[in-house]
2 protein chains.
Amino acid sequence: MNSLQIVEAPVDASCCVPSVKPALSADEAQQRALVFKALADPNRLRLLSIVKAGDSGESCVCDLTEPLDLGQPTVSHHLKILVEAGLLHREKRGTWAYYSLVPGALEQTAGLLESL
Amino acid sequence: MNSLQIVEAPVDASCCVPSVKPALSADEAQQRALVFKALADPNRLRLLSIVKAGDSGESCVCDLTEPLDLGQPTVSHHLKILVEAGLLHREKRGTWAYYSLVPGALEQTAGLLESL
DNA sequence: CACATAGATTGACATCCATCGATATAGGTG
DNA sequence: CACCTATATCGATGGATGTCAATCTATGTG
């Protein structure tokens with residue numbers, strides 16, 4: 001570290017150079033693809049939708065199994081993927097596990113698209 | 001296939017009922033998942049990014065093969081998936097095929113997320 | 001027409017993934 | 001502790017998917 005030469009405001013970089021954004025690196029692409037992989041399944045989209053639509057803001061697994069017409073282990077599997085993608089939050093209370101949307105996660109993911 | 005019943009005027013739903021949006025149907029989910037499937041691969045994300053970053057707004061396959069370090073057939077395959085997802089546009093001029101972003105497609109896809 | 005080049009298509013192969021049944025874990029209740 | 005219920009994990013399996021080499025198609029060019 002070192003040399004704190006000319007601190008010169010970083011200002012301009014963010015405001016005056018609207019153009020040339022370098023294309024996505026392999027690592028960045030890999031990272032972002034993980035989130036979209038989580039969204040790339042109809043049943044997982046429905047899970048997000050149902051959790052979001054619920055008025056309490058959270059749903060337990062037993063409430064999600066029936067509308068999807070899937071077995072309980074399969075639903076748990078999908079929920080795990082959504083949690084690992086940072087889209088859902090899991091909270092265990094007693095015997096039940098409650099899933100809720102991570103605040104801002106969907107909006108942030110949407111931002112990934114526009115900033116490609 | 002088919003039977004898209006429930007035509008019923010979309011009128012009021014969009015203006016007077018801000019709350020209760022019914023969760024995604026299986027059909028809607030299936031449809032939307034197709035776009036996210038197209039985005040769920042790092043190399044396809046990079047393709048979109050490179051095409052977008054190009055100053056001419058379009059790129060031909062030969063320009064895309066090298067930066068991805070993939071064979072030409074594989075790149076063609078990925079491009080086809082992006083076109084079918086409605087994200088890229090393909091125009092053939094002479095021997096070359098030029099790919100460009102479909103205007104507004106990324107923004108519209110981002111909208112799918114917020115409106116889940 | 002003969003040949004070269006850009007790109008698409010095909011077939012094969014390995015890997016990944018969604019789903020299920022069976023089982024494990026953990027909290028609640030008697 | 002014995003038992004029930006809610007959820008997670010495991011193992012197997014069939015189907016989807018990414019990649020490549022080989023081939024086909026179409027557009028130029030001599």
Side-chain angles (χ1 to χ4, degrees), chain A residues 24 26-27 29-51 54 56 58-85 87-100, chain B residues 24 26-27 29-51 54 56 58-85 87-100:
Chain A
L24 233 51
D27 283 347
Q30 178 97 35
Q31 192 65 28
R32 298 190 187 193
L34 286 181
V35 189
F36 293 116
K37 267 192 226 291
L39 294 167
D41 180 275
N43 286 317
R44 286 197 289 269
L45 287 180
R46 296 189 75 193
L47 282 174
L48 289 174
S49 174
I50 294 173
V51 169
S56 71
E58 53 183 18
S59 313
C60 65
V61 181
C62 55
D63 292 335
L64 299 168
T65 302
E66 184 221 320
L68 289 207
D69 197 34
L70 285 180
Q72 172 266 317
T74 304
V75 172
S76 273
H77 171 242
H78 285 313
L79 289 169
K80 183 177 187 177
I81 289 177
L82 289 170
V83 168
E84 285 171 346
L87 296 170
L88 282 188
H89 171 249
R90 175 182 184 272
E91 183 184 350
K92 186 152 190 188
R93 289 202 302 271
T95 314
W96 291 271
Y98 293 91
Y99 289 86
S100 55
Chain B
L24 233 51
D27 283 348
Q30 179 95 35
Q31 193 65 29
R32 299 190 186 193
L34 286 181
V35 188
F36 293 116
K37 267 192 226 289
L39 294 166
D41 180 276
N43 287 318
R44 286 198 289 269
L45 286 180
R46 297 189 75 194
L47 283 173
L48 289 174
S49 174
I50 294 173
V51 169
S56 70
E58 54 183 16
S59 313
C60 65
V61 180
C62 55
D63 291 335
L64 299 169
T65 302
E66 183 221 320
L68 288 208
D69 196 36
L70 285 179
Q72 173 265 316
T74 303
V75 173
S76 273
H77 172 241
H78 284 312
L79 289 169
K80 184 176 187 177
I81 290 177
L82 290 170
V83 169
E84 286 171 346
L87 296 169
L88 282 187
H89 171 249
R90 176 182 183 269
E91 181 183 353
K92 186 154 191 185
R93 289 203 301 274
T95 314
W96 293 271
Y98 293 91
Y99 288 86
S100 55

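This structure is a prediction, so every number in the text was calculated from the model and none was measured. Labels below follow one simple rule: chain letters A, B, ... track the order of the sequence lines, proteins then strands, and each chain is numbered from 1.
- Although no hydrogens or angles enter the test, the distance criterion places a donor-acceptor pair under 3.5 Å between the side chain of Arg46(B) and the main chain of Leu24(A).
- Comparing dA26(C), dG7(C), dA8(C) by their closest approach to the side chain of Cys60(B) singles out dG7(C).
- Within the 4.0 angstrom heavy-atom criterion, only backbone atoms of the sugar-phosphate kind lie near Arg44(B); the bases stay farther away.
- Counting all heavy atoms, side chain and backbone alike, Thr65(A) lies closest to Gly71(A) at CG2-C, 4.2 Å.
- Atom pair Lys80(A):NZ and dC17(C):P shows a separation of 14 Å (rounding to whole Å applied).
- Closest to the side chain of Thr95(A), from the set dT7(D), dA18(C), dG28(C), is dG28(C).
- Checking dT9(C), dC20(D), dA8(D) against every side-chain atom of Thr74(B), the shortest atom distance belongs to dC20(D).
- Atom-to-atom, CD of Gln30(A) to C1' of dC16(C) comes out at 13 Å; the value is rounded to the nearest Å.
- Rounded to an integer number of Å, the gap from CD of Glu91(A) to P of dT7(D) is 13 Å.
- Counting to the nearest Å, the P atom of dT19(D) and the CG atom of Asp69(B) are 11 Å from each other.
- The Tyr99(B) side chain lies nearest to dA8(C) when the options are dC17(C), dT9(D), dA8(C).
- For the atom pair His77(A) NE2 and Asp41(A) CG, the distance stands at 9.5 Å (nearest 0.5 Å).
- Residue Trp96(A) is the one, among Trp96(A) and Pro73(A), whose nearest nucleotide of DNA chain D lies closer to the 5' end (criterion: closest heavy atom).
- Straight-line distance from the CD1 atom of Ile81(A) to the C1' atom of dC17(C): 8 Å, rounded to whole Å.
- For Glu91(B), the CD atom is densely surrounded, since the number of other residues' heavy atoms within 6.0 Å is greater than 12.
- Put simply, CG on Leu64(A) is 10 Å from P on dA8(D), counting in whole angstrom units.
- The distance between atom NE2 of His77(A) and atom C1' of dG21(C), rounded to the nearest whole Å, is 15 Å.
- Comparing dT7(D), dA8(C), dG21(C) by their closest approach to the side chain of Gln72(B) singles out dA8(C).
- Place Cys62(B) and Asn43(A) on DNA chain C by their nearest nucleotides, and Cys62(B) ends up nearer the 5' end.
- Atom-to-atom, CG of Asp41(B) to P of dA16(D) comes out at 18 Å; the value is rounded to the nearest Å.
- In this structure, Lys92(A) contributes its side chain and Ala97(A) its backbone to no donor-acceptor pair below 3.5 Å.
- Here Arg93(A) lies out of heavy-atom contact (under 4.0 Å) with every strand.
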